[in-house]
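Before any comments, here is the structure.
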Amino acid sequence: MAAVATRLRPPLLGLIALAVIVATAPSRASAQLSVSFYANTCPSVFDTVRAGVSSAVTRESRMGASLLRLFFHDCFVNGCDGSVLLEDTGSFVGERTARGNQNSLRASMFSVVDGIKAQVDRACGASVVSCADILAIAARDSVVELGGPSYSVPVGRRDARTASLDAANNDLPSPFEDLDILIRKFRNKGFTPRELVALSGSHTVGFAQCRAFRTRIYTPGADLDPSFAAARQANCPATVGQGDGNLAPMDPQSPNRFGNNYFQALINRRGLLRSDQALFNGTSTDDIVREYSNDAGAFSRDFANAMVKMGNLMPPSNSQGEIRLDCKRVN
Ligand code: HEM
Ligand SMILES: *[C@@H]1O[C@H](CO)[C@@H](O)[C@H](O)[C@H]1NC(C)=O
């Protein structure tokens, strides 16, 4: 390169430099998020979201887990762009009816997000913060509110003007999937198996419905503790259609406390979802589960880093985006 450069005359060098700059200019796909993005336009955004999350979790302790999951379901479908929040209308199909969302995402979660958006807009005197950023901040604040690790949340995302039901159906993991499928779905989003295990540690908080774990607790095997199965069966009838919505904690010890008990539950063959137990079932991820169960600090670090990485998932570069006025619909 240096040998070539010495033979080029300065004007030509300048042109080449310009071409390189244009070619590498940030597209939406690699847009740089920054913690200070709203420093001038909405300096109180972080305080306002934190206050909103805190009061929502005080009202209902499960809401922290629900907001964390909502962010995951946003980011895994064409990037973190608020697409999961969009409601279906006569002429618009959103993602709310996707397999992983329907009968699972609750109206109260969307109300909480709408409430926080309204508070942020009021605090800053204008609608300048995207719904996608509010979700990203709220997910972090939920983790902290429940006693988990904190991390910085870079912001500057834009809200999608589209959604994809197909992508939601294809890209969101299902609780019935095997480890190789889970690994593939996370690899498709740029995550390693270790990051899959760390992010699945989110199941240290929150609840699942009978419909999501019925098959597992009625399928005896070496991967299932029989006394755990019996306890769960008491509140989850075998018959499909009965008690489908009955809840069980994914971390039996402390569903409202973010910690690493979840991993010990997996080692004890007490993973609630089949997809949980798949992480500890005689394969290469067993060692990671053991490590996280023994080392809460390693889990916290890896989890926080993976959350920031998840927040970097961007929509396709041809989508311009907008700052939505109402998180439920495009402007
Ligand atoms: C590894 C693949 C994953 C699968 C198959 C999966 C599946 C599920 C299922 C089926 C539920 C229960 C939903 C219901 O019954 O209504 C659930 C709950 C939850 N998931 Fe996951 N999940 C996965 C990964 C993740 C990740 C990566 C996160 C966050 C980073 C996450 C966060 C949560 C939380 C916090 C809850 C509790 C929600 C609540 O109580 O409202 N999950 N997940
Ligand atoms: C665990 O492995 C066994 C044997 O390969 C398999 O039959 C079972 O379905 C697996 N369980 C989970 C939860 O992946």
Side-chain angles (χ1 to χ4, degrees), residues 56-57 60-76 80 98-109 112 135-136 138-140 142-143 145-146 148 171-189 191 193 195-217 219-225 229 236 243-251 255-258 262 266 269-283 285-286 289 302-311 313:
V57 173
E60 191 209 3
S61 50
R62 186 185 176 195
M63 191 52 72
S66 300
L67 293 172
L68 172 56
R69 182 167 188 242
L70 196 54
F71 177 59
F72 165 49
H73 283 208
D74 186 28
C75 295
F76 254 54
C80 314
R99 277 188 289 277
N101 292 337
Q102 191 164 36
N103 294 322
S104 183
L105 301 185
R106 300 172 293 143
S108 56
M109 306 176 189
V112 167
L135 263 189
R140 186 273 313 270
S142 294
V143 170
E145 190 71 26
L146 300 171
D171 296 1
L172 293 174
S174 136
F176 312 112
E177 281 164 350
D178 286 332
L179 181 62
D180 57 335
I181 310 282
L182 297 172
I183 287 178
R184 178 168 54 74
K185 286 191 168 178
F186 277 70
R187 194 202 305 124
N188 286 345
K189 303 291 173 187
F191 293 101
E195 289 167 329
L196 159 66
V197 176
L199 288 171
S200 296
S202 294
H203 291 180
T204 177
V205 291
F207 297 80
Q209 303 174 68
C210 172
R211 69 174 101 243
F213 60 84
R214 175 182 282 122
T215 309
R216 166 154 166 78
I217 61 171
T219 310
D223 60 358
L224 179 66
D225 170 6
C236 180
D244 285 1
N246 293 359
L247 296 177
M250 288 189 287
D251 172 346
N256 297 317
R257 191 85 203 144
F258 194 102
Y262 164 81
L266 300 187
R269 310 291 197 269
R270 293 169 160 240
L272 183 62
L273 306 177
R274 182 180 160 74
S275 54
D276 291 322
Q277 198 58 56
L279 304 175
F280 189 92
N281 191 34
T283 70
T285 51
D286 287 16
V289 170
D302 288 357
F303 176 79
N305 288 332
M307 285 296 288
V308 174
K309 185 167 167 180
M310 192 161 85
L313 290 172

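Remember, it's 1-based here, ligands and their atoms both numbered in the order they're listed.
- The distance criterion of under 3.5 Å between nitrogen or oxygen atoms is not met by P173 with respect to ligand 1.
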Between ligand 2 and the protein, which N/O pairs are shorter than 3.5 Å?
residue: ligand 2; atom: 2 (O); partner: N281; partner atom: OD1; Å: 3.4
residue: ligand 2; atom: 2 (O); partner: N281; partner atom: ND2; Å: 2.4
residue: ligand 2; atom: 9 (O); partner: R274; partner atom: NH1; Å: 3.2
residue: ligand 2; atom: 11 (N); partner: D223; partner atom: OD2; Å: 2.7
residue: ligand 2; atom: 11 (N); partner: N281; partner atom: ND2; Å: 2.8
residue: ligand 2; atom: 14 (O); partner: N281; partner atom: ND2; Å: 3.3

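- Among all protein heavy atoms, the one lying closest to atom 30 (C) of ligand 1 is S202 OG, 3.1 Å.
- For ligand 1, the atoms sitting less than 4.0 Å from at least one non-hydrogen atom of A208 are 12 (C), 15 (O), numbered in the order shown with element in parentheses.
- Scanning all protein heavy atoms for the shortest distance to atom 19 (C) of ligand 1 gives R69 CD, 3.2 Å.
- Between R257 and D251, none of the side-chain N atoms (NZ, or NE/NH1/NH2) sits under 4.0 Å from a carboxylate O, so this pair counts as no salt bridge.
- Here the protein heavy atom with the shortest distance to atom 41 (O) of ligand 1 is S66 OG, 2.6 Å.
- When the heavy atoms of A198, P175, A306, G64 are ranked by distance to atom 10 (C) of ligand 1, first place goes to P175.
- Checking M63, E177, H203 against atom 22 (N) of ligand 1, the nearest heavy atom belongs to H203.
- For R106, the CZ atom counts as densely surrounded, since its 6.0 Å shell holds more than 12 non-hydrogen atoms of other residues, nucleotides or ligands.
- Heavy atoms of S275 found under 4.0 angstrom from ligand 1 belong exclusively to the side chain.
- Considering backbone and side-chain atoms together, S200 places no N or O closer than 3.5 Å to any N or O of ligand 1.
- In this structure, the side chain of N256 does not engage the main chain of V205 through any donor-acceptor pair within 3.5 Å.
- In this structure, atom 36 (C) of ligand 1 lies nearest to the protein heavy atom M250 CE, 3.5 Å.
- Set against the non-hydrogen atoms of R62, the atoms of ligand 1 under 4.0 Å away are 39 (C), 40 (O), 41 (O).
- Residue contacts with ligand 1, taken as heavy atom pairs separated by less than 4.0 Å, involve F186 solely via side-chain atoms from C-beta onward.
- Atoms of ligand 1 lying under 4.0 Å from at least one heavy atom of L196, given by number and element, are 1 (C).
- By the 4.0 Å N-to-carboxylate-O rule, R270 lies too far from D276 to be salt-bridged with it.
- Numbered from 1 in the order shown, with element, the atoms of ligand 1 that lie under 4.0 Å from a heavy atom of S174 read 5 (C).
- Among all non-hydrogen protein atoms, the one lying nearest atom 8 (C) of ligand 1 is L273 CD1, 3.7 Å.
- One N or O on the side chain of Q277 and one on the backbone of G271 form a donor-acceptor pair closer than 3.5 Å.
- The option with the heavy atom closest to atom 14 (C) of ligand 1, from among S104, S142, C75, is S104.
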